[in-house]
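Proteins get letters first, then strands, A, B, ... in listed order; numbering begins at 1 in each.
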Amino acid sequence: MTTDTAPARRDLAKAYEFKEVEARWYQNWLDHKNFRATMEEGKPSFSIVIPPPNVTGVLHVGHALNNTMQDVLVRYRRMQGCNTLWVPGTDHAGIATQNVVERQIATEGKSRHDLGREKFIERVWQWREEKGGTIINQLKHLGCSCDWDRERFTMDEGLSRAVRTVFVRLYKEGLIYKGDYIVNWCPRCKTALADDEVEHEETAGKLYHIRYPYADGSGHVIVATTRPETMLGDTAVAVHPDDERYQHLREIGVRLPLTGRTIPVVFDHHVEREFGTGALKVTPSHDRNDYEIGLRHNLERLKVMDDSGIMNEAAGPYAGLDRFACRKKIVADLEEQGFLEKIEDYAHAVGQCYRCKTVVEPTTSLQWFVSVKPLAAKAVAAVRDGHIAIHPKTWHNTFYAWMDNIRDWCISRQIWWGHQIPAWTCDACGHFMVEEEAPAACPKCGAATLSQETDVLDTWFSSALWPFSTLGWPDRTRELKFFYPTSVLITSFDILFFWVARMMMMGLHIMGEPPFKDVYLHALVRDKHGKKMSKSTGNVIDPLVVMAEYGTDALRFTLTAFAAQGREIKLAEERIEGYRHFINKIWNAARFALMHIKECGPAIARNIDPAALPLSHRWILHRLNQTTIEVTRALDDYRFNDAASAIYQFVWSEFCDWYLEWVKPDLYGNDAAAKASAQAVLLAVLEDVLKLLHPITPFVTEEIWHALPGARTSIMVEPFPTENPVWHDPAAEEEAALFMGVVGAIRNIRSEAQAHPSAEITAMVVCPDNAKGAIFEKLASAIKTLTRTKELTITPSGQRPKGAASNIFQDLEIVVPLAGLIDVEKELAKLAKEQARVEGELKRIQGKLTNEKFVANAPAEVVAKEKEKEAELTATLTKLKESAERLEELR
RNA sequence: GGGUGAAUAGCUCAGCCGGGAGAGCAUCGGCCUUACAAGCCGAGGGUCACAGGUUCGAUCCCUGUUUCACCCACCA
């Protein structure tokens, strides 16, 4: 941190030029290393690791939300004096990045196979050098105060070492194994996918019913399938063990149509007797369930497709056809040869690759797996025992349910871009070894030629280590000591299982401590109709465009204000425009303040005894204090929207609409003492407002901060406001409510009477209560200013003059003579309506109070409150009736 | 098939421990009042999805229903 001087102070421009301001300040923060983490003993630590965006990524509004929230917290804690670290970085995003570079070289008419593995990977690195910084720059644009000197990439040497270290350890512990199992295969990406990388989409398909003749020709059984091409790989038909219909097939078997191959009939409990004919074709190599059945009955596995989804030699005459072309051909042939019973429309879920949406083909394949059950148990225990808290809590059950049913994690991918699996086989003797570094020679036979596994690891494997690998693990660094476990992880709920759960498992197992204490799962940003934003629908709100149009602070405030805990945030551009008005409001309030406080020194109001000050100042300081408390509590609880709305209300409705108008007479007047207090309080409130706002709207607050009198360092390093008990003043709040009630009543009369704002009026406040009367005496001049009233009388009892309008506020009657402007009938109607409302409410309350059970059971304070209300309403009602009577006389 | 969330003003949403609802935008009326027309002042607008239950009292808690959204799942 630094105390260097900032850009020269000057008067604030008439309009807030955010573009110039944002660029200037961000550079200034970088120049002064304001984002760099401190590691001072004795100070609390606060750390966040960024959910690393894909290196291929472009900032979308979801990133903007996610990173705004992180930056709000980071700036808040930094101002509170924590050792604060926000680790930025990007993810190498295996398949996604490989796809991008493949497309790039495709324009040169080449495929990655033309280049070869080594050259191709060089190209990917080259691509990363040139284009990989895009999203990082966009995060800077958003104002993110990450410690950029600690930026990491999941393929960095350090992180790669962490990956190898963890892999070897898990392998040696028996938690990583290699085996031939059925996996999800993407024929386009030509790689295996983990279960959660497959998206199931409800699709309108067909259900084909096919006759499989008995092997002895005595009849046939009908099986149904949505994927008829897989019949070429059928190695059995399964029926339920207790299904009498098919017992005789035990010895006979059936013949596969088209190929004539004879296959056995097996009896398995998996089969539902009620579904279709109760007979199921079994393709162990291309269906997960069939694979299981195959295992149970020791069935042959017959793969009929290659890794591109093209039918192979095993498909006989169909070899060389794409699987979907083959489906058509098979159906046509079945039809022609009389094997097709019927075709039904059938809606079912089809698995797709989450990266490219290609229909996934289940296939048996030799892959690496993590045995996750023991790891998952630790994660579940950590959440259950409160070592990790997920916010909002509603996710706990979902989390447990998923973790309890978790299956082994397929971590090998048949692509080139990623962490190559650290396992080697000796070419000479076949010795197999898993090591952190490439062995120079075979430890068994001494041969120097070893072949490394060609597969790379699932990208999520390295991201699972992110919270400690970015802090320097496996070395024992100071960063780890200060910042692990990290304080909170902020991410979107859609990667709870991809990423969050896996970080928990790895952190707990490898480090022995959770990777973070809190997880805050925020909503997904949708369009204003709740639809997913997508380029094809054209409903995308591009944060970069929006920032250019409305300013970064406007976007940040909008996202913060909309960040209520929930499932989705419906965002429309009008909202951002609305909050730009708020930024503008702050700007103008500051301009106004600066006109009057130029000659002031830095605020000293914290040292002023507010008891000696007039109500206006006591009130605003009290409200500021309350707002500080609320903002602090809200941010501590991740209630971002509450923090935003508390400060919005305070700034606009209280500070601007009331306070500034209220103190104008002091500021413009000749009373030097009154002016001095007004200046001091005004500056103090403005300073705290800027600090409270800074985590959400860093740019505009910094710019205004430096225009304030006195030498200023960055507002980033100012202490965040804290509760000030000296400012606490509930009595001021009550008195201010009376004041505002009377002002409101007079304004209402003016407006209803359509009196021109410049028309001067006189008013009378009939106030039977002497104590209140004394309060109003002191406020008379302020009431007059705020209502443009020439003359104001406060009297314990008064007679309403002819042609006067009146309003009732509590036990007060506010009378404004407006000769000729009064519509008596309208006034009476208004009074009648108000009377009805008050009577209704009174009736309800009296009903309650006469209800013995209520009085007996309700808490004493509630009963007291109701009694108070009753008295107040009774007084109001009396006033209303009197007012109406007098008005009647005018008819 | 299982699970989760949502239903509150015309729109988008707040509403912590149950004491009879708030904001922004939009609408209507009046204002270029020397910080701000990206503004100021005033006003209107809600059977808190529906039906029961618990309670002195329910937008809030419980049960059921309807509608919508999402997640998980091996009925071919």
Side-chain angles (χ1 to χ4, degrees), chain A residues 12 14-16 196 200 207-208 223-227 230 238 270-272 274-283 287-293 346 348-349 362 392 394-395 397-398 401-402 405 493-494 496-497 524 526 528-531 550 561-562 564 566-572 574-575 577-596 633 637 639 641-642 645 648-649 652-653 656-657 660-661 664 668 744 747-752 754-758 786-788 841 844-845 847-848 851-859 861-863 865-866:
Chain A
L12 296 183
K14 181 127 167 73
Y16 174 47
D196 56 9
H200 294 273
L207 187 61
Y208 302 90
V223 299
T225 179
T226 54
R227 299 185 297 150
T230 62
H270 168 76
V271 181
E272 299 272 341
E274 286 73 33
F275 189 91
T277 59
L280 167 71
K281 63 189 273 308
V282 183
T283 323
D287 184 280
R288 185 178 291 277
N289 296 311
D290 294 2
Y291 173 83
E292 305 282 340
I293 294 173
Y346 193 71
H348 63 130
T394 49
W395 286 101
N397 280 339
T398 313
W402 193 80
N405 297 315
F493 66 79
D494 58 341
L496 176 60
F497 303 125
L524 296 174
R526 303 297 178 95
K528 60 178 156 186
H529 306 295
K531 291 256 159 56
Y550 305 105
F562 272 64
R567 292 297 186 111
E568 55 185 46
I569 294 170
K570 289 181 203 151
L571 188 66
E574 301 91 273
R575 310 276 147 254
E577 194 183 352
Y579 284 111
R580 178 185 58 171
H581 298 344
F582 178 61
I583 304 298
N584 193 248
K585 189 74 182 176
I586 300 161
W587 183 258
N588 280 301
R591 282 180 60 226
F592 170 77
L594 281 167
M595 287 168 52
H596 299 282
R633 279 192 196 147
D637 297 344
R639 289 179 289 115
N641 58 315
D642 287 340
S645 88
Y648 183 100
Q649 292 300 329
W652 202 315
S653 309
C656 291
D657 287 350
L660 293 184
E661 298 303 323
K664 271 180 184 174
Y668 285 113
R747 282 172 171 174
N748 173 266
I749 291 169
R750 290 195 72 118
S751 185
E752 296 280 313
Q754 307 219 331
H756 193 275
S758 61
L786 266 57
T787 57
R788 302 192 144 222
E841 205 172 328
R844 260 194 305 260
I845 287 171
K848 263 188 187 180
N851 181 344
E852 284 165 32
K853 286 179 178 170
F854 171 74
V855 180
N857 292 326
E861 57 184 60
V862 172
V863 178
K865 212 170 122 193
E866 294 296 324

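If you measure from atom CD of A/Glu272 to atom C1' of B/A76, you get 10 Å, rounded to the nearest angstrom. Atom CD in A/Glu292 sits about 8 Å away from atom C1' in B/C74, given to the nearest Å. A/Asn851 places its CG atom 12 Å from the C1' atom of B/U55, with the value rounded to the nearest Å. Summarising the geometry, the separation between CZ on A/Phe562 and P on B/G15 is reported as 13 Å, rounded to the nearest angstrom. A straight line from CG of A/Asn641 to C1' of B/C13 spans 10 Å, rounded to a whole angstrom.
Within the 4.0 angstrom heavy-atom criterion, only backbone atoms of the sugar-phosphate kind lie near A/Arg747; the bases stay farther away. Counting non-hydrogen atoms under 4.0 angstrom, A/Asp287 reaches nothing in the nucleic acid. Heavy atoms of A/Arg227 sit nowhere under 4.0 angstrom from any nucleic acid atom. Among the heavy atoms of the strands, none lies under 4.0 Å from A/Ala401. The residue A/Ile583 sits apart from the nucleic acid: no heavy atom pair falls under 4.0 Å. Contact annotation for A/Tyr579: no contact, since no heavy-atom pair falls under 4.0 Å across all strands. Within 4.0 Å of A/Phe497, counting heavy atoms only, lies no atom of the nucleic acid at all. Here A/Lys14 lies in heavy-atom contact (under 4.0 Å) with sugar-phosphate atoms only. Among the heavy atoms of the strands lying under 4.0 Å from A/Thr225 are primed sugar atoms or P, OP1, OP2 only; no base atom is included. Note on A/Arg750: nothing from the nucleic acid sits closer than 4.0 angstrom, heavy atoms only. At the heavy-atom level, A/Asn857 lies under 4.0 Å from base atoms of the strands shown.
In terms of phosphate contacts, A/Lys585 brings a side-chain nitrogen or oxygen within less than 4.0 Å of OP1 or OP2 of B/C40. Here A/Lys853 does not reach the OP1 or OP2 of B/U55: none of its side-chain N or O atoms lies under 4.0 Å away. Remark: A/Lys664 is not in phosphate contact with B/U33, judged by side-chain N or O atoms under 4.0 Å from OP1 or OP2. Residue A/Tyr346 has a polar side-chain atom (N or O) positioned under 4.0 Å from OP1 or OP2 of B/A76. A close approach under 4.0 Å does not occur between any side-chain nitrogen or oxygen of A/Asn289 and OP1 or OP2 of B/C74. Taking 4.0 angstrom as the limit, A/Asn748 places a side-chain polar atom (N or O) nearer than this to OP1 or OP2 of B/A43. Proximity of A/Trp652 to the phosphate of B/C40: a side-chain N or O atom is located under 4.0 Å from OP1 or OP2. Side-chain N/O atoms of A/His581 include one lying less than 4.0 angstrom from OP1 or OP2 on B/G39. OP1 or OP2 of B/A76 has not a single side-chain nitrogen or oxygen of A/Tyr291 nearer than 4.0 Å.
Between the side chain of A/Gln649 and the base of B/A14, no donor-acceptor pair under 3.5 Å is found.
B/C17 adopts a syn glycosidic conformation, its chi angle falling within 90° of 0.
For the P atoms, the distance linking B/U67 with B/U59 amounts to 25 Å, nearest Å. A gap of 33 Å separates the C1' atoms of B/U8 and B/G1, to the nearest Å. When the C1' atom is used for both B/A49 and B/A9, the distance is 15 Å, rounded to whole Å.
Taking NZ of A/Lys664 as the start and NE2 of A/His596 as the end, the distance is 7.5 Å to the nearest 0.5 Å. A distance of 5.0 Å separates CG of A/Leu280 from CD1 of A/Ile293, quoted to the nearest 0.5 Å.
Ring geometry for A/Tyr16 versus A/Trp587: interplanar angle of 30 to 60°, hence tilted.
Outside the 6.0 Å centre-distance limit, the rings of A/Tyr579 and A/Tyr550 are not counted as a close aromatic pair.
The backbone N or O of A/Asn584 lies less than 3.5 Å from a partner atom in the side chain of A/Asn588, making a donor-acceptor pair.
Nearest-nucleotide positions on RNA chain B for A/Ala15 and A/Lys848 put A/Lys848 closer to the 5' end. Comparing A/Leu660 and A/Ala561 along RNA chain B, the residue whose closest nucleotide (by nearest heavy atom) sits nearer the 5' end is A/Ala561.
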